[in-house]
Each structure stands twice: as C-alpha cells, then as structure tokens.
*Asks:* 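Questions regarding the structure given below will be posed in turn.
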Amino acid sequence: MVQIQLPDGSVKEFPEGVRPRDVAASIGKRLAEAAVAAEAKGTVVDLDRPLEAEDGGPIPFRVLTPKDPEALDVLRHSTAHVMARAVLRLFPGARLAFGPTTATGFYYDIDLPGSRTISEDDFPAIEAEMRQIVALAEPFERFTLPVPDARQFCEDLGQDLKVEHIDQELHKYGILSFYRQGEFVDLCRGPHIPHAGKVGAFKLLSIAAAHWKGQADGPMLQRLYGTAFFDKKDLDAFLTRIEEAKKRDHRKLGKELGLFTLSEKVGSGLILWMPKGAIVRGILEQFLKDELLKRGYEPVYTPHIGKVELYKTSGHYPYYRDSQFPTLKMLNDPAMALVAGLERGELDDDTQKVLLAEARIEEKEYWELDAAGRIGYVMEHGVSEEYLLKPMNCPHHIQIYAAHPRSYRDLPVRLAEFGTVYRYEQSGQLAGLTRVRGFTQDDAHLFCTPEQVRGEFRATMELTQYVLESLGLADYTIRLSKSDPSDPKFKGADFAVWERAEADIRSVLDEMGLSYEEAVGEAAFYGPKADFVVRDCLGRRWQLGTVQLDYLLPERFGLEYTGPDNKPHRPVMIHRAPFGSMERFMGILIEHFAGAFPLWLAPEQVRVLPISDKVAEYADLVLNELKAAGLRASVDRRPEKIGAKIRDAQLEKIPVMLVVGAKEAEAGLVAFRDRIDGDLGAMTLAEAVSRLRAEADSRAIRQAASPLSPPEDVPPADQGEKHAY
RNA sequence: GCUGGCGUAGCUCAACUGGCAGAGCAACGGUCUUGUAAACCGUAGGUUGUGAGUUCGAGUCUCACCGCCAGCUCCA
C-alpha cells in the first residue's frame, strides 16, 4: 500500500503503483478533469507516473491544476515539444538540442539541415502546424530505456545532438526517459501535461541564434522562443504587458524626452548627455556627494589615463586586454624623427642607423623591411611611454593612498570620485545606456584595517540601500559573487584568504537580514563582492551597485600603514559604487519612472501656461518667482490654445503646470495642475511655490498608479535548464 | 565577436511584382487671443545608412562596409 498525504493533512491509502490521476479522481471528478500534473514529495510528476511506497511515511502529495504556477511550467515545456514536433514536420532532418522553459515561456534549440535558418516569416506555418497538433489532443506517453538502447534509439531518429548529450552527460543516469506524442518522440526528463489539448493558447515570440551548449566556438543553433498559457486571456494580458514594457524602454524615452543621444560620428557605446539628461544626472551626483561627505568620504579627482605599467601591476591589463581600447603610444624623439624622415623618404642608411641607435631600437630586423614596414617597426619599438584609457579607478586611488605614510589612526581612508572609465565592450553587447564603452562610476575605495572590514562593508551596504530606497528602487536582488577555484580567472589566488573574505561578506549580509543568492565564479579577480541586481523593462538583469572586498591589490601595490605596534601592516580595500555606472543607473531609472521623474529630479519642474498673450507679463512674473525659489521652470509662450499647451507639457512629463489667465493675473493666483492628480484649482502664487519647494526638498516620489507590474524575471540559463534533456 | 533581422524627412510611417520618393506630427511664416490632453492656412524639409555592382531604369535585386535591434558568448 502507498500512503498519500493530501494538502489538508489527511492521509489516504492506495494500492502500490497508484497513479496521480487515480488519486485525483478519488478526490473529485472536477479535480481529475482539471488536473495537469501532480507534486509528490516536492517533485512535479506526470499524472500517469506510478507512486511507490516510501519508508519515510506518507508521501506529501498535491494535484496541480492550471491555478498552480508549477502547472504553467509543465504546460510550457509540453508546448515546446509541440513546437519541436511542428518544426520536424515542416523541416525534415532538423536536429533537436535543448528545449527548456523560462520564466515567461520556453524555447527549443534546433539545428536545421543545410544551415537553413528559421525567420519570423515561418512563424505562421509553424503555429498552424502546432494548432493542428493541439487539436488532436494526443497524450504524452512516457517510456524509459537503458542508456545503450536510448543512445541507439536517438541515433535511429537521426538526433545526433541528443546522442552527444547522452555520451557527455546523461550516460551516468543509467536509465533515460522519453516522451512520445504521436509520431514525435523526444528524449526528455518531463514531466508533461496529460495531452496536448490542455494547451489553451500559445504564441511564437522570436527567433535567435544560440551556441550549442553555450560554447562560443560550438555550432550555432536556431533558438525558437515561444510562450503558452492555459487561457487565451492570460496570453493576451502577457502580450499587452510586453507592449507596455516596451514603451518604457529608456532608449525610446531618452530620445523622446531629449535626455541623451548617441552619434555614429562619435562612436558606438559612447553616450552624449543632452541638457535635460545632464540635469537629472547632475542632481543624482550631487545627492550622492552630499551623502558621502556626511559619511566621512573624501572627494578626489584623477585623470582619464594612466601608464600601462600601472595596470600591469594591478593585473587588469593582462586579464582584460581584449576588452580595452588600444594603448596610446608615445615615441621617443629620435624615433619620431625617424618616422617623419621615412614618411618623406629622405633619409639615407647612415642617418637611419644613427637614429635607430639613439632611439634604442634593435636594428637587425629593420633592414629587411620596406619603408612602410620600417615605419611600423619604429612605431612599435621606439615607444618611450604607453598610456591606457583607464578601465577602472582603483589604481589611481591607490596612488593617492600611497602618496604619504599612513597610520592606523588615519584609517579608514575613504576616497571618492565620479570616475569615468573606458572599456571596449564587444559590439554585439552594446545596449543603450546599460552597456556602453565609456561610463562614469560613482566610485570610492576604502582602505581599512582587517578589524574594520566588516563594519565598513556593512556601512557601504547600508549606503547603497539608502540610495536605492531614496529613488524608489526596491525591486532588486543581492548576489554574493564568489570565486571558482576551477576558473583560470582566479589562477594563483590564495583561496584561504578568499574564503575568509566570502565568509565576512556572508556574515554581514546575514547580520543585516538580507537575502541573497550566491553566484560561483562571478567574483572580480581580486575579490568577492555583493552586487545589487535590478531588471530592465524587458526583464534583463543588470548589476547596479556593488561592494567588493579586496585583499589582492593592497598586496600587489605594497600598500601599508603603521600599526599601534609601530610596525607596517597591510590594509584591506573595499571597492564600492552604489549607483554602479551613472549611465546604466540612469537607464534603469528612466524605465523605473517611465520617463516621468519625480519633482526633485525632473529636468523641467514647472511650466507656466498663459491662457493668451494678454497675460504674458503676469506669466513672466510667475516664472521669475519660481526661478527665485530655485525651481526649474519655463513659460509656454506659443500662440496655442490652453488644451494644446497642457497636452504637450503632459507628454513631456513635466510634473506641474501653472495655468494663468486674466482671473489669476488680477488676483495674484495660479491654477495648479499636477501631472498625476490633474487640476487642483487656483491658489496664491506663494502657496504654489511653497508647495513645490516642500515636495522637491523632501525628495518625494509620487508615481501615477501604473497598471504595469514589472515584467517577470528572465532567469539565468542555469536556472532555465530544468528540462534540459 | 557570432547568428538572424532592420536602416526612407527631426519623429512615426507610406511607396503593387524594379517605372516621376509621399503623408501626419515637429520646424518655419501667417491668421486666430484662446480656460485644463491636439485651432486654421501656407512654406520649407531627402545623394532612400555608405560604397560598388546588375539593369534602359534601383528605395526595391546582388555584394562589401557602417549603424541599430534581438539572442548567444563575454562583462574589472
């Protein structure tokens, strides 16, 4: 007998091998009809999967219906099978790779014969084929085979990617499961819905390429994305939400609202801040600067370039060579003379010989080259100085720390700078403000004693939380990024030190009561870190604020302080940036507010709207009062009707409009119109000003009730692979 | 960097299978003097991303390059 414990706590007995379907039926007919799958002992299983007795007492069990989120996941995975089946019908010879679900749908990686690709034009045909399959409502039938038979079976099906996967990964499981649906059979862990008829609504969303098993040098597969729901209404709501989310895209809003721009003539990934965007960014920077001064930081300024040796010492240069702009090379004087002479073609061999010697250039290879080759050779070897656009600020700040002897009494030293750094990101990776090639970090480096580490780390975490909360950004997760001893990135690291650092961070996070996920291998090469991760309007995850613990760079640069024992000690460094990058943060903030910044951040806070130019003089008076109160204001003097002026101000997302006509001019009033609450009626100018000042000074955040909940998360691939075979 | 898609006026988009590059909004000029989300009339605006090629003829077809978008890989 099998003992089954239902969600209400009651325990029922069934014969050995009873199927979840039977259990559901024993509870009620409607439940049995609605059943999609079941959860037994915390695992989601098919309705036909026999349940076996356990030693540990009754099996916790519940029936999953379309109301349960887990059921949606099962449905989507089954829909992925339906899609794969449709594709195999339309493209005979296609080879299947992986077909997992994601938080919002599913995809299947497919290799088409003859390097054919799928395009969106193929979607209607695939969807039509899928509809036919769904209409047949054929069951998903599970069967198992031992590895050798399973391997042969896949080979017979011509699914050699599956064969490869069995050879490399799955062989260790001994027995593998398959699901059959009509003529279609797929190696798959399951579980699945009982039959295809449960698929209420589905849609293919996009097509893109993906590498087989995520290996950059592996073959490219077609990744076909789709989503499915039990109910068409849910699908429609999902699609509407995607459309709404796209309207928040910071790239679209940034252009519409004149916040920033990009120019092909300047270069990809290089942001040009326009006046309105610069105001918002400037306010954010000032907000943080004020906060840092309160918290004992000292502002510093450092240049945009540094000698390449500096970054060789820090270790950044060798590690990130591929993602840096090339170095700036300065030639020594004789080398420059040599290049200039060669370009004019007027140097005899003797002169060249003399200049080569003066430039300290090895001449053996030189003479084998033609004139152009010689110029290149000299430019390569006659270098006196080589500079790098700084890819991060720490080495400069370290030099400030090291500029004079430090006592333990001076620590912690907290050096802060909005430092602009340059990284040559891969072209395909650039995206609006969120991934760029030049950006400004709200950077600071803390130098402290080992005893101070935990306190300083906690203080910086609290600062970051304060900053995010001040901006109404509550929807973030914290990621503890750790080392990975098997990753060459951490080669030569002292893992005893790393473990201590990771334990320090973990204990601070626990002490603060913060929940976090741990990410192995995500650490910086010099230390573990706690990252604040937020999502953009499309659900993509971005790292914003970060707090990083570093025992390595103080070592590499030989930093010291004198301890109470009058002996030299090594300080510990904390790298931290609450906003992360100003560019990325602005991008996220634009999307967060949908471009409608709260009063204290809005580029234009108030617009005075005269009813006609008969009150132009009064409008100017109002404007001057607003400006005198430190508010960013303008007057709309266009010969338009008031309705048009309101509409335009509303579309520009200006927080407050002050409408003035003859009535107001006569009585010294303004008609106060709020972007969110609408017409609030007439009030004195003084009243309006104090109201505005109060809202701005309190940094209040009011947002129009948004029907748009944040989009669902798109999980990292490793979380999405639960149906990986 | 890789795979695929897309580049037409400042913006949003038209232009049947190759056959005279167009509209709305914005801009500019004028009329109207306006009461809480779009007044009316007119003017101007283009080497169709760049460069080659095919063709009597290219926005449209081919190739290369540049840029953007999605995904993959990467991300100090």
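Sequence lines set the chain letters: A, B, ... in the order given, protein chains first and strands last, and positions in each chain run from 1. The analysis underlying the following values was restricted to heavy atoms, covering all of them including side chains, and did not include hydrogens, waters or symmetry mates.
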*Asks:* Ile646(A) CD1 to A39(B) P: how many Å, rounded?
*Replies:* 11 Å

*Asks:* Tell me the partner of A23(B), counting only Watson-Crick (N1-N3 plus N6-O4 or O6-N4) or G-U wobble (N1-O2 and O6-N3) with both under 3.5 Å; none if nothing fits.
*Replies:* U12(B)

*Asks:* Measure CG/Asp111(A) against C1'/C72(B) and give the value in whole Å, please.
*Replies:* 15 Å

*Asks:* Measuring from the side chain of Ser612(A) (C-beta onward, heavy atoms only), which nucleotide among A76(B), U34(B), A39(B) has the closest atom?
*Replies:* U34(B)

*Asks:* Check this for me, if you would: do Arg691(A) and Glu687(A) make a salt bridge, where the nitrogen-to-carboxylate-oxygen distance has to be below 4.0 angstrom?
*Replies:* no

*Asks:* Base, sugar-phosphate, or nothing for Glu522(A), non-hydrogen atoms under 4.0 angstrom?
*Replies:* nothing

*Asks:* Starting from the C-alpha separation in whole Å, work towards a yes-or-no answer on side chain to side chain contact (heavy atoms under 4.5 Å, CB included) for Lys213(A) and His165(A).
*Replies:* CA-CA 9 Å; Lys213(A) 293 197 166 180; His165(A) 189 43; 3.6 Å; yes

*Asks:* Are Lys247(A) and Glu244(A) within salt-bridge range, i.e. N to O under 4.0 Å?
*Replies:* yes

*Asks:* Could you check whether Ile642(A) gets within reach of a base, just the sugar-phosphate, or nothing at all, counting any heavy atom under 4.0 Å?
*Replies:* sugar-phosphate

*Asks:* Hey, does Lys614(A) reach any base, or is it just sugar-phosphate, or nothing, if we go heavy atoms under 4.0 Å?
*Replies:* sugar-phosphate

*Asks:* Could you tell me how far G46(B) sits from G59(B) if I compare only their C1' atoms? Round to whole Å.
*Replies:* 11 Å

*Asks:* So what does Ala662(A) touch, heavy atoms closer than 4.0 Å: a base, only the sugar-phosphate, or nothing?
*Replies:* base

*Asks:* With both distances under 3.5 Å as the test, what is the Watson-Crick or G-U wobble partner of C2(B)?
*Replies:* G71(B)

*Asks:* For the backbone of Glu522(A) and the side chain of Lys482(A), can you confirm whether one donor and one acceptor N or O come within less than 3.5 Å of each other?
*Replies:* no

*Asks:* Tabulated below should be each protein N or O lying under 3.5 Å from an N or O of nucleotides 59-66 of chain B; please produce it.
*Replies:*
{"residue": "C66(B)", "atom": "O2'", "partner": "Glu264(A)", "partner atom": "OE2", "Å": "3.1"}

*Asks:* Let me know the distance between CG of Leu112(A) and P of G4(B), rounded to the nearest Å.
*Replies:* 12 Å

*Asks:* Have a look at Phe98(A) and tell me which of Phe106(A), Trp212(A), Tyr108(A), Tyr107(A) forms a ring-ring contact (aromatic ring centres under 6.0 Å, His included) with it.
*Replies:* Trp212(A)

*Asks:* Hey, are Asp322(A) and Arg423(A) close enough for a salt bridge, meaning a charged N less than 4.0 Å from a carboxylate O?
*Replies:* no

*Asks:* Which is more 5' along RNA chain B, the nucleotide nearest Gly661(A) or the one nearest Lys255(A)? Just name the residue.
*Replies:* Lys255(A)

*Asks:* Identify the pairs formed between an N or O of the protein and an N or O of nucleotides 1-3 of chain B at a distance under 3.5 Å, and give each distance.
*Replies:*
{"residue": "G1(B)", "atom": "OP2", "partner": "Ser427(A)", "partner atom": "OG", "Å": "2.1"}
{"residue": "G1(B)", "atom": "N7", "partner": "Gly428(A)", "partner atom": "N", "Å": "3.2"}

*Asks:* Has the side chain of Arg423(A) got a donor or acceptor that lies under 3.5 Å from a partner of the other kind on the base of C74(B)?
*Replies:* no

*Asks:* Salt bridge check, Arg607(A) against Glu652(A): does any charged N sit closer than 4.0 Å to a carboxylate O?
*Replies:* yes

*Asks:* Quick check: any donor-acceptor pair below 3.5 Å linking the side-chain of Ser323(A) to the base of A76(B)?
*Replies:* yes

*Asks:* To the nearest Å, give me how far apart CG (Leu433(A)) and P (C75(B)) are.
*Replies:* 22 Å

*Asks:* By nearest atom, which of the nucleotides U34(B), C72(B), A37(B) is closest to the Tyr225(A) side chain?
*Replies:* C72(B)

*Asks:* Have a look at Phe325(A) and tell me which of Tyr320(A), Tyr317(A), Tyr424(A), Tyr387(A) forms a ring-ring contact (aromatic ring centres under 6.0 Å, His included) with it.
*Replies:* Tyr424(A)

*Asks:* When rounded to the nearest Å, what value does the distance between P atoms of G71(B) and U54(B) take?
*Replies:* 40 Å

*Asks:* Starting at atom CE of Met392(A), determine the distance to atom P of A76(B), rounded to an integer number of angstrom.
*Replies:* 12 Å

*Asks:* Quick one: label Arg435(A) by what it contacts on the DNA or RNA (base, sugar-phosphate, nothing), any heavy atom closer than 4.0 Å.
*Replies:* base

*Asks:* Can we say Asp677(A) and Arg702(A) salt-bridge, meaning some charged N sits less than 4.0 Å from an Asp/Glu carboxylate O?
*Replies:* yes

*Asks:* With P as the reference atom in both, quote the distance from A44(B) to G24(B) in angstrom, rounded to an integer.
*Replies:* 14 Å

*Asks:* Considering only NZ, NE, NH1 and NH2 on the basic side and carboxylate oxygens on the acidic side, decide whether Glu425(A) and Arg435(A) come within less than 4.0 Å.
*Replies:* yes

*Asks:* So which nucleotide from C69(B), C72(B), A76(B) ends up closest to the side chain of Pro391(A)?
*Replies:* A76(B)

*Asks:* Do Arg223(A) side-chain atoms and Ala210(A) backbone N/O form a donor-acceptor pair below 3.5 Å?
*Replies:* no

*Asks:* Inspect the surroundings of CZ in Arg321(A) and state if more than 12 heavy atoms from other residues, nucleotides or ligands are less than 6.0 Å away.
*Replies:* no

*Asks:* Any base atoms under 4.0 Å from Ala671(A), or only sugar-phosphate, or nothing? Heavy atoms, all strands.
*Replies:* base

*Asks:* Show me the protein contacts with nucleotides 23-29 of chain B, counting only N or O atoms at under 3.5 Å.
*Replies:*
none

*Asks:* Is there a side-chain polar atom (N or O) of Lys663(A) under 4.0 Å from OP1 or OP2 of G35(B)?
*Replies:* no

*Asks:* Give the rounded distance in Å between these two atoms: CG of Leu253(A) and C1' of U12(B).
*Replies:* 15 Å

*Asks:* What is the base-pairing partner of A39(B), counting Watson-Crick and G-U wobble geometry with both distances under 3.5 Å?
*Replies:* U31(B)

*Asks:* Parallel, tilted or perpendicular, judged at 30° and 60°: which one describes the rings of Tyr422(A) and His304(A)?
*Replies:* tilted

*Asks:* Using a heavy-atom cut-off of 4.0 Å across all strands, would you classify Gln441(A) as base, sugar-phosphate, or nothing?
*Replies:* nothing

*Asks:* In whole Å, measure the gap between the P atoms of A14(B) and A9(B) for me.
*Replies:* 12 Å

*Asks:* Please report the distance, rounded to the nearest Å, between CD1 in Ile118(A) and P in G71(B).
*Replies:* 18 Å

*Asks:* Check every strand shown and say whether Tyr319(A) touches a base, only sugar-phosphate, or nothing at a heavy-atom separation below 4.0 Å.
*Replies:* nothing

*Asks:* What's the CG-P distance between Leu262(A) and G7(B), to the nearest Å?
*Replies:* 20 Å

*Asks:* Quote, to the nearest angstrom, the C1' distance that separates C32(B) from C40(B).
*Replies:* 8 Å

*Asks:* Quantified in whole Å, what is the C1' atom distance between nucleotide G67(B) and nucleotide G49(B)?
*Replies:* 7 Å

*Asks:* Taking pairing as Watson-Crick or G-U wobble with both contacts under 3.5 Å, can you name the mate of G57(B), or confirm there isn't one?
*Replies:* none

*Asks:* Classify the nucleic acid contact of Gly214(A) as base, sugar-phosphate or nothing, counting any heavy atom under 4.0 Å across all strands shown.
*Replies:* sugar-phosphate

*Asks:* Within 45 degrees of the axis of the six-membered ring of Tyr516(A) and under 6.0 Å from its centre: does Arg479(A) put its NZ or CZ there?
*Replies:* no

*Asks:* Any Lys/Arg nitrogen of Arg248(A) or Glu591(A) sitting under 4.0 Å from an Asp/Glu carboxylate oxygen of the other?
*Replies:* no

*Asks:* So if I take every side-chain heavy atom of Tyr526(A) and compare against A76(B), U34(B), A37(B), which nucleotide ends up nearest?
*Replies:* A76(B)

*Asks:* Stacking between Tyr320(A) and A76(B), defined as ring centres under 5.5 angstrom apart with planes under 30°, is that present or not?
*Replies:* yes

*Asks:* Taking only the P atom of each, what is the distance from C16(B) to G7(B) in whole angstrom?
*Replies:* 13 Å

*Asks:* Could you give the distance separating U62(B) and U17(B) at their P atoms, to the nearest angstrom?
*Replies:* 14 Å

*Asks:* So Phe579(A) and Phe585(A), would you call those rings parallel, tilted or perpendicular, with 30° and 60° as cut-offs?
*Replies:* tilted

*Asks:* Paired with C63(B) by Watson-Crick or G-U wobble geometry, both distances under 3.5 Å: which nucleotide is it?
*Replies:* G51(B)

